[in-house]
Amino acid sequence: MLHDSVVNLLNEQVNKEFYSAYLYLDMANFYAKEGLDGFENWFIIQAQEERDHAMLFRQYILNNGYEVKMGAIADPYVAYMNYKEPLEAALKHEQYVTASINAIYAEAQKVNDYRTIQFLEWFVKEQGEEEMNAEDNVRKFELFGEGKGLYMLDQKLLGRAYTPPSLVLD
Ligand code: FEO
């Protein structure tokens, strides 16, 4: 049995992860319109990963015998003014998601919910990687985001391939 306060936060996280997928698809749309196929590809795969995260939270709630509540997903559209803005917004968003995961972890600790703490360990590590990747994109753009460098960076991001999450819940 889980504590209601933890279940509520887990349900909110399902929505946040689906929103993340939606946000990153909006960024992919922006780059697609600009003809930057690599950046588009990177964000489409990022959106797939976010959907995976949402499904893991959903499954965890179900596996513990609770109801999953699907809230409305907010409109993610932003009129980006340049190629760098989505990269910076993505980094900020990952920092927000990290804080959100940490808040669930803190609540689980407060109510001695060791099962949820163990489940969240994977996400704590994952958020470290997510922030590192988002930071890397900003840094690479600052270094190579113009002229021929932009073309090469776009080609590099085109090489990102989807891998399913290492965490599996039956
Ligand atoms: Fe699901 Fe990008 O964190």
Side-chain angles (χ1 to χ4, degrees), residues 2 6-32 36 38-64 66 68-78 80 83-109 113 115-141 153 156-170:
L2 305 182
V6 172
V7 176
N8 287 342
L9 290 174
L10 290 168
N11 259 311
E12 283 173 20
Q13 195 63 31
V14 173
N15 186 277
K16 286 175 186 175
E17 299 291 348
F18 276 124
Y19 173 76
S20 302
Y22 220 39
L23 179 71
Y24 292 142
L25 272 181
D26 181 61
M27 291 174 181
N29 295 343
F30 167 75
Y31 287 117
L36 288 167
F39 286 77
E40 177 195 5
N41 174 62
W42 197 93
F43 277 104
I44 284 175
I45 288 167
Q46 192 61 27
Q48 279 179 293
E49 286 197 0
E50 299 302 350
R51 184 185 173 279
D52 291 338
H53 297 167
M55 295 299 275
L56 285 166
F57 278 101
R58 172 190 172 271
Q59 196 62 53
Y60 181 75
I61 295 166
L62 288 175
N63 286 0
N64 283 281
Y66 290 87
V68 179
K69 294 182 186 134
M70 308 287 283
I73 301 172
D75 183 347
Y77 179 76
V78 176
Y80 295 112
Y83 300 153
K84 193 181 174 188
E85 272 186 9
L87 304 177
E88 290 175 319
L91 173 57
K92 220 172 139 195
H93 184 70
E94 285 306 326
Q95 289 164 344
Y96 160 76
V97 173
T98 297
S100 181
I101 301 276
N102 288 350
I104 312 173
Y105 196 103
E107 183 60 25
Q109 273 186 324
D113 178 354
R115 191 188 308 158
T116 299
I117 288 171
Q118 196 184 41
F119 166 69
L120 289 173
E121 298 285 0
W122 186 87
F123 286 94
V124 171
K125 186 165 174 280
E126 175 74 4
Q127 279 314 119
E129 288 169 21
E130 297 271 80
E131 282 191 44
M132 189 179 70
N133 291 339
E135 265 172 26
D136 195 50
N137 281 346
V138 172
R139 201 173 314 121
K140 291 258 172 28
F141 186 87
L153 186 53
K156 184 178 174 288
L157 296 178
L158 198 54
R160 184 183 189 189
Y162 170 72
T163 47
S166 55
L167 177 63
V168 178
L169 295 186
D170 295 322

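Keep in mind the model is a prediction, meaning the values are calculated, not measured. As the structure lists them, so they are numbered: ligands from 1, and atoms in each ligand from 1.
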ask   = Can you say whether the rings of Y31 and F43 are parallel (under 30°), tilted (30 to 60°) or perpendicular (over 60°)?
value = parallel
task = Report the name of the N/O/S atom of E130 located nearest to atom 2 (Fe) of ligand 1.
result = OE2
ask   = Salt bridge check: are E49 and R160 linked by an N-O gap of less than 4.0 Å?
value = yes
query = Could E88 and K84 be called an ion pair, given the rule that one side-chain N must be under 4.0 Å from one carboxylate O?
reply = yes
inquiry  = Centre-to-centre under 6.0 Å for F123 and Y105, is that the case here?
reply    = no
remark   = Of all the N, O or S atoms in H53, the one nearest to atom 1 (Fe) of ligand 1 is ND1
request  = Consider only side-chain N and O atoms of E50 and Q46, and report whether a donor and an acceptor are under 3.5 Å apart.
outcome  = yes
request  = Among the N/O/S atoms of E50, select the one at the shortest distance from atom 2 (Fe) of ligand 1 and name it.
outcome  = OE2
task = Considering just N/O/S atoms, say which atom of E17 is closest to atom 1 (Fe) of ligand 1.
result = OE1
query = Which single N/O/S atom of E94 lies at minimum distance from atom 2 (Fe) of ligand 1?
reply = OE2
